[in-house]
Protein chains: 2
Amino acid sequence: MTWSDYDSRSCSIARTAEILGDRWAVLVVRDLFNGVRRFDALQDHLGVARDVLAKRLAMLVDEGLVAKRPIALAGQRARHEYVLTDAGRELRTVLVAIMDWGDRHRSGADGPPMQIRHRDCGETVHAHLVCDAGHQIGTDARTELVPLAGARLRQA
Amino acid sequence: MTWSDYDSRSCSIARTAEILGDRWAVLVVRDLFNGVRRFDALQDHLGVARDVLAKRLAMLVDEGLVAKRPIALAGQRARHEYVLTDAGRELRTVLVAIMDWGDRHRSGADGPPMQIRHRDCGETVHAHLVCDAGHQIGTDARTELVPLAGARLRQA
DNA sequence: CCTCTGAGTTTGGATTACAGACTCAGATGC
DNA sequence: GCATCTGAGTCTGTAATCCAAACTCAGAGG
């Protein structure tokens, strides 16, 4: 049983990529993290076509990463806003890992565009690989992939 | 200067999503990590259309994440294989973060399909957010986004 | 009544994805 | 020598997406 014998699609990476494997989905989640909540604000900041944004938001709501909430501003008719659910907020590690990579490999001459700071201590936040025994996992660390009960062999 | 005043595209997440913001690109990198190296093997395992795979591989080579190497098997004509470059291998944190999320939120009744183990100690590997002072950053931790020299304001 | 705004939906054309057939070159079999 | 096989794509025609711009719709303001 080698890696290739397992079904490519019943893999947590494949399942997540089904949702986030789209430029706009990632950027919508990023903007939601950064406090952009309304349709027009997202559309304006991202520059995405309006129908595509509508479709992505509907998908993200459908997948439970985003909630569409009514918002009643004083003396105005009902609006709504989009906010991340708990599941959506748990993507933070993914976004930071993506940002770390971009900072290292796609920064311009002026260096990285933004930094995430831990308010309590002022230090920069990064994503790291760690094993449950607390060892840092560098690019050189030896790891192995072990199939669990949820693994599925591919159909012949 | 709020988040929305900065150019959405000159952001490390946007730049990385330009490359990985595609279902197949992510899965190709995942399979390369897992030792699948040849065109037909990738095509067969992923089930992607051949022209799309060719295009994604060319893009990944172009972006410096993947190298196309000649490989001379004894008594056979020259073949080649695709391998991750150092930059490509540094995506491991991203992939593990994506996998962690999928494990938590998209596992079936049987639980997660795979587990990454640290060979030295046998414990599971996960992606975590940590600040440079060593504090764990949970979903509740307060962080702030600070623009650096590489930040670009958007054109009006 | 006219206009404005937020949040989409519709439309028509340009891209991209997809599955399957086709190509090409070098090895292999007879 | 000729037909066959194999790896690694490329080509083709159709289906699905993307895109930008225009349009819709409902409620608030003037």
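Lettering of chains follows the sequences in order, A, B, ..., and the numbering in each one begins at 1.
Rounded to the nearest 0.5 Å, atoms CD1 (B/Ile116) and CE (B/Met114) are 10.5 Å apart. Note that the NE2 atom of A/His126 and the CG atom of A/Asp103 stand 7.5 Å from one another [nearest 0.5 Å].
Within residues 62-70 of chain B, no residue places a heavy atom under 4.0 Å from DNA chain C. For the segment residues 8-21 of chain B, no residue has any heavy atom less than 4.0 angstrom from an atom of DNA chain C. Of the residues in residues 26-35 of chain B, not one comes within less than 4.0 Å of DNA chain D through any heavy atom.
With respect to B/Arg106 and A/Glu63, a salt bridge is recorded, a charged nitrogen being found less than 4.0 Å from a carboxylate O. Electrostatic pairing of B/Arg38 and B/Glu81 does not count as a salt bridge here, judged by no charged N lying under 4.0 Å from a carboxylate O. Between A/Arg79 and A/Asp40 there is no salt bridge, since none of the side-chain N atoms of the basic residue sits less than 4.0 Å from a carboxylate O of the acidic one.
Between the side chain of A/Thr16 and the backbone N or O of B/Ile98, at least one donor-acceptor pair lies under 3.5 Å. Listed for the B/Thr124 side chain is no donor-acceptor partner under 3.5 Å among the backbone atoms of B/Arg117. Using modelled atom types, no side-chain atom of B/Arg92 and backbone atom of B/Phe33 make a donor-acceptor pair closer than 3.5 Å.
In this structure, A/Asp40 atom CG and C/dG6 atom P are separated by 6 Å, rounded to whole Å. Per the geometry, CZ belonging to A/Arg37 stands 17 Å off P belonging to C/dG6, to the nearest Å. Atoms CG (B/Leu57) and P (D/dT10) sit 11 Å apart, rounded to a whole Å. One interatomic measurement links the two molecules: CG of B/Leu53 to P of D/dA8, which rounds to 11 Å at whole-angstrom precision. Rounding to whole angstrom units, CZ of residue B/Arg79 and C1' of C/dC24 are separated by 13 Å. One interatomic measurement links the two molecules: CG of A/Asp44 to C1' of C/dA7, which rounds to 14 Å at whole-angstrom precision. Here D/dC25 presents its P atom at 17 Å from CZ of A/Phe39, a figure rounded to the nearest Å.
The shortest distance between the side-chain N/O atoms of A/Tyr82 and the OP1/OP2 oxygens of C/dG8 is below 4.0 Å. Listed pair B/Arg50 / C/dA19 fails the phosphate criterion, with no side-chain N or O lying under 4.0 Å from OP1 or OP2.
Residue B/Met59 is grouped with residue B/Leu46 when hydrophobic side chains (ILVMFWY) are merged at heavy-atom distances under 4.5 angstrom, including chains of intermediate members.
The 12-atom threshold is exceeded at CZ of A/Arg119, counting heavy atoms of other residues, nucleotides or ligands nearer than 6.0 Å.
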Restricting both atoms to N or O, compile the protein contacts to nucleotides 14-18 of chain C shorter than 3.5 Å, with distance only.
{"unit_1": "C/dA17", "atom_1": "OP1", "unit_2": "B/Arg56", "atom_2": "NH2", "d": "2.5"}
{"unit_1": "C/dC18", "atom_1": "OP1", "unit_2": "B/Arg23", "atom_2": "NH2", "d": "3.4"}
{"unit_1": "C/dC18", "atom_1": "OP2", "unit_2": "B/Trp24", "atom_2": "NE1", "d": "3.0"}
{"unit_1": "C/dC18", "atom_1": "N4", "unit_2": "B/Asp51", "atom_2": "OD2", "d": "3.2"}

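Contact between A/Arg30 and B/Ser8 at its shortest, heavy atoms only, is NH2-OG, 2.7 Å.
A/Asp51 pairs by the side chain to side chain contact (heavy atoms under 4.5 Å, CB included) definition with A/Ala49, not counting sequence neighbours. A search for side chain to side chain contact (heavy atoms under 4.5 Å, CB included) contacts involving A/Leu153 returns A/Met1, A/Asp5, A/Tyr6, not counting sequence neighbours.
At a cut-off of 3.5 Å, with distance as the only test, no side-chain donor of A/Asp120 or B/His135 sits close to an acceptor on the other residue.
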